[in-house]
Number of protein chains: 2
Amino acid sequence: MLLSTKGDYGVRAMIDLAKHAGEGPVQRSEIARRRQIPESYLDHLLAQLRRAGFVRSTRGPSGGHELAKPASDINLLSLLEALEGSLAPLGCLEPAVGEEATESICGQNWVWQEIYDEMRARLAAVSLAELVEHEREHERQAVISYNI
Amino acid sequence: MLLSTKGDYGVRAMIDLAKHAGEGPVQRSEIARRRQIPESYLDHLLAQLRRAGFVRSTRGPSGGHELAKPASDINLLSLLEALEGSLAPLGCLEPAVGEEATESICGQNWVWQEIYDEMRARLAAVSLAELVEHEREHERQAVISYNI
DNA sequence: CGATACCTGAGTAAAACACTCAACAACAGC
DNA sequence: GCTGTTGTTGAGTGTTTTACTCAGGTATCG
Ligand code: FES
Ligand code: FES
């Protein structure tokens with residue numbers, strides 16, 4: 001039932017990029033260090049994100065990665081689905097071509113369908129910009145409590 | 001992100017037991033056949049369910065399994081948690097003893113916490129009795145459309 | 001007693017996960 | 001146009017989890 005690290009790491013990386021948007025490309029080594037992601041693994045995630053059209057990469061010295069579109073235009077749902085594939089909690093909810101029929105022997109899928117729909121709606125309503133905003137808010141509070 | 005078969009199978013089995021409640025013990029071979037669960041695997045699930053106090057088993061000829069309490073007193077959440085352990089979609093949501101701290105580098109946990117809470121609430125609100133009811137309803141409709 | 005069930009724990013094949021490695025391609029600046 | 005720095009790709013690997021199976025054991029009924 002756990003989200004794999006791919007999704008978690010990928011979103012972390014995207015938050016990092018969004019936070020440094022407009023400051024030119026960010027290197028993967030920077031991201032890996034700040035967000036505690038194995039660098040060689042991050043490579044693959046960035047490749048996936050680039051293929052999905054979320055980031056733009058530039059090679060050569062002073063190259064790196066940056067968002068391909070504004071952070072407010074990227075929502076968590078599309079991001080996670082690009083990284084993880086379907087988020088359905090049960091195989092029978094997203095029927096592969098030429099399937100069905102398990103409904104009659106199980107009878108719990110309607111509950112999960114509801115939960116799944118709610119979840120997708122909630123994720124779709126959260127943009128990357130909001131996540132960054134939340135993080136900044138959190139940082140401010142941390143600084144304040146540190147100063148006391 | 002998928003629920004494992006354990007949860008699915010376990011709930012199927014419980015629905016089966018609930019459906020035949022009051023008719024004496026049901027054998028695991030019966031359940032396995034009706035619900036399409038490998039019989040030797042079902043053994044373990046029933047043991048787990050028994051240890052968690054959901055079913056009562058009787059040995060010997062004409063033995064079998066039956067619900068240990070009324071179907072309306074069993075909700076999906078407790079059932080699934082007994083079978084699967086925690087349903088949290090992220091490790092950091094249910095902190096093991098002596099952990100924390102990932103929040104600062106990730107910043108998406110608040111979204112997932114919300115989704116997780118909603119999910120648990122929804123699951124807790126569904127009783128085994130309701131699932132059986134739904135299944136019966138579904139069967140009636142199937143019979144009707146078959147007769148037309 | 002013996003047939004019929006449930007009960008238990010150990011073992012295992014296969015898949016998914018979480019990476020790593022090595023070779024390659026592009027670009028910037030000298 | 002070389003050189004070094006960065007991204008790009010695909011193949012490969014150790015570990016863990018999943019989804020079971022098997023071989024015994026134990027309780028109960030008739
Ligand atoms: S088979 Fe889909 S919920 Fe059980
Ligand atoms: S570490 Fe918990 S959501 Fe990323």
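Side chains included, hydrogens not; waters and symmetry mates left out as well; all remaining heavy atoms used. The model shown is predicted, which means the values in this text are computed figures rather than measured ones. Chain naming here is simple, since letters A, B, ... match the order of the sequence lines and numbering starts at 1 in each.
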Discussion item. Does the protein touch nucleotides 21-30 of chain C at the base, only the backbone, or not at all? Give it as B, S and - per nucleotide, heavy atoms under 4.0 Å.
Written reply: B---BSBS--
Discussion item. Check the phosphate of dA18(C) against Y9(A), side-chain N and O only, distance under 4.0 Å to OP1 or OP2. Yes or no?
Written reply: no
Worksheet item: Can you list, by residue number, the residues of residues 47-56 of chain A that have a non-hydrogen atom closer than 4.0 angstrom to DNA chain D?
Response: R50(A), R51(A)
Response to the item:
Interatomic distance, OG@S127(A) vs CG@L76(A), rounded to 0.5 Å, equals 8.5 Å
Discussion item. Quiz question: by atom type and distance under 3.5 Å, do the side chains of S40(B) and D43(B) form a donor-acceptor pair?
Written reply: no
Worksheet item: Side-chain contact, heavy-atom cut-off 4.5 Å: H65(A) with Q27(A)?
Response: no
Discussion item. Under 4.0 Å from a heavy atom of chain A: give me the 5'-most and 3'-most nucleotides of DNA chain D that qualify.
Written reply: dG4(D) to dA11(D)
Practice prompt. To the nearest 0.5 angstrom, please state how far the CD atom of Q36(B) sits from the CG atom of L42(B).
Written response: 13.0 Å
Worksheet entry | Spatial distance of atom CG (L131(A)) from atom CD (Q108(B)) [nearest 0.5 Å] | 7.0 Å
Item to complete: Identify which one of R28(A), R33(A), R34(A) satisfies the salt bridge (charged side-chain N to carboxylate O under 4.0 Å, His left out) criterion when paired with E39(A).
Response: R28(A)
Worksheet item: Between R50(B) and F54(B), is NZ or CZ placed under 6.0 angstrom from the six-membered ring centre and within 45° of the ring axis?
Response: no
Worksheet item: Do S4(B) and E84(B) have side-chain N/O donor and acceptor atoms under 3.5 Å apart?
Response: yes
Worksheet entry | Whole-Å distance separating the CD atom of E30(B) from the C1' atom of dT4(C) | 14 Å
Item to complete: Provide, to the nearest angstrom, the distance between the OH atom belonging to Y41(B) and the C1' atom belonging to dC6(C).
Response: 19 Å
Worksheet item: Is the backbone N or O of E66(A) less than 3.5 Å from a side-chain atom of R56(A), with the two atoms forming a donor-acceptor pair by type?
Response: no
Discussion item. Is the ring pair H134(A)/W110(B) parallel, tilted or perpendicular, if the boundaries are 30 and 60 degrees?
Written reply: parallel
Worksheet item: Rounded to the Å, how far apart are L46(A) CG and dC19(C) C1'?
Response: 15 Å
